[in-house]
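Here the structure is laid out as structure tokens; the discussion comes afterwards.
Below, chain A is the first sequence line, B the second, and so on; all start at residue 1. A quick note: this is a predicted structure, and the numbers were derived from the prediction, not measured.
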There are 2 protein chains.
Amino acid sequence: MEKVNSTKVFIVDDHQLVIDGIQALLKDESDYTIVGTSQKATEVLDRMYDLNVDILITDINMPEMSGIVLTKQIKLRYPGIKILALSMFGDRHVIKEMIEAGINGYILKNTGKVELMEALEKVSKGQCFFSDEVTKVLVRSFKKEEEFSHLTNREIEIIRLIEQELSNKQIANALFISERTVETHRKNIFRKTGTQSVVGLLKYAYEHKLI
Amino acid sequence: MEKVNSTKVFIVDDHQLVIDGIQALLKDESDYTIVGTSQKATEVLDRMYDLNVDILITDINMPEMSGIVLTKQIKLRYPGIKILALSMFGDRHVIKEMIEAGINGYILKNTGKVELMEALEKVSKGQCFFSDEVTKVLVRSFKKEEEFSHLTNREIEIIRLIEQELSNKQIANALFISERTVETHRKNIFRKTGTQSVVGLLKYAYEHKLI
DNA sequence: TTGAGCATACCCAATAGCTGGTATTTTTAC
DNA sequence: GTAAAAATACCAGCTATTGGGTATGCTCAA
């Protein structure tokens, strides 16, 4: 199993089955050796110390510590480790944050073995790899670049107050502005986020981590 | 690979990686033969026809058709097929619905190979298998049985529709009841949950895993 | 210095949602 | 077989939200 020139891979995912799955997929690939796995992002940092890991495959949505935080920590303490993000979703903001955190690749869990191998190969060579869907999001994002959904600070502040169950009047009092102003902000918020109700807005806010 | 007495398994999951993973895990287990896989629940029904499947492993959260609907359909048309549900979450209501739909087992994706094998073994024998976490939910549910929030099924149904951003009128249309009835249900829901706005209600729903 | 973007503010009409009732018919449970 | 619980339905009135606008200072950058 251990091979001198093989790439050392470490897997972090809170779903053991995904870990086992990837492990099974890579078992026969002598180019890759899995040197460790973990269900908790929090314990990964210390385990990196003596393993000489080449590629860290990490889930993004994990309890306790997200893949984003983990990536930042890893890149800070072990800049040599390449990171391949593995996620259920191709959310624009998450992708953006992960890229800013310094990932080398981003694949979705609905991709298969072939793409995983391709991703590992590219990443191990120092190149980048993104799933088609992720690339699509990137391109779209690049084209419109915030154009339609750039919420101002004031708007985000108001979304948070809405989430606190304040009515327009209460928000107006809290911020020392007129109720009319709050109404205008709400209108702009709905327009920018493409939502039409508080419910939709809050789902948007949760998704985009505004709250 | 094909073995006469081996149990025939079919896997449905919208994440190809999970499929590949399970496939890899079962590759060396001669007791199980994977006779097919699919990323779309909608196409599974027809493919069951001549495969003589023993166990269907199905994800629950899938686009287009949920595992719940799929289970019901399968049980209707192929009552002999055993169904092992595979999910990210141990949501009380989903578990309940799946059990009502007739599943034989329910495991979480954060369980490993050992548990998967155990589950397959029990299910293939006609027994049931539930992950520890799922069992815990079942027991808790049995003990308190709605005690603290005793929302009725209808009420929960309505909460879910509210979460889907439907207005009272739309909910009324969707459920073939009068708008007045929906209003009454809403009143009762607010009273029972101790909330006063949709926002509060949804937070309550998320906390109590009603959604 | 001019224009874009932001925060502020107002008006009006229409719609939706909330409050606090009452009441009938099923269903379920004992 | 009866009583409780759930689901259904209606009314009236009130408040809040929404969507259509318009408009004024202010700041910052081209």
In whole angstrom, what separates A:Ile177's CD1 from C:dA7's C1'? 8 Å
Looking at A:Asn168, I'd like to know whether one of its side-chain N or O atoms comes within less than 4.0 Å of OP1 or OP2 on D:dT17. yes
Expressed in angstrom and rounded to an integer, what is the separation of B:Lys169 atom NZ from C:dA14 atom P? 14 Å
Under 3.5 Å, is there an N or O donor on one side and an acceptor on the other linking the side chain of A:Thr184 and the base of C:dC10? yes
Under a 4.0 Å N-O cut-off, is there an ion pair linking B:Arg154 with B:Glu157? yes
Looking at A:Thr181, does any N or O in its side chain come under 4.0 Å of the phosphate oxygens OP1/OP2 on C:dT8? no
Counting distance only, does the side-chain N/O of A:Lys40 pair as donor-acceptor with the main-chain N or O of A:Asp13 below 3.5 Å? no
Can a salt bridge be assigned to the pair B:Lys187 and B:Glu183 using a cut-off of 4.0 Å between side-chain N and carboxylate O? no
First encountered from the 5' end of DNA chain D, between B:Ile158 and A:Ser167: B:Ile158
Residues A:Glu163 and A:Arg160 bridged, charged N to O under 4.0 Å: no
Send over the distance from B:Leu161 CG to C:dA16 C1', rounded to a whole Å. 17 Å
Output the rounded distance in Å from CD (B:Glu157) to C1' (D:dT8). 14 Å
Could you tell me the separation between the CZ atom of B:Arg186 and the P atom of D:dA6, rounded to a whole number of Å? 20 Å
The nucleotide from C:dC10, D:dT8, C:dC18 with an atom nearest the side chain of A:Ser178 is C:dC10
What's the CZ-C1' distance between A:Arg154 and C:dG5, to the nearest Å? 16 Å
Whether B:Tyr78 side chain and B:Leu45 backbone form a donor-acceptor pair below 3.5 Å: yes
Considering only heavy side-chain atoms of B:Glu183, the closest of D:dC11, C:dC10, D:dT8 is D:dC11
C:dT19 phosphate, OP1 or OP2: any side-chain N/O from B:Arg191 under 4.0 angstrom? no
Here the distance between atom P of C:dG5 and atom NZ of A:Lys187, to the nearest Å, is 19 Å
To the nearest angstrom, the CD-P distance between B:Gln196 and C:dT19 comes to 8 Å
Under 4.0 angstrom between B:Arg180 side-chain N/O and D:dT8 OP1 or OP2: no
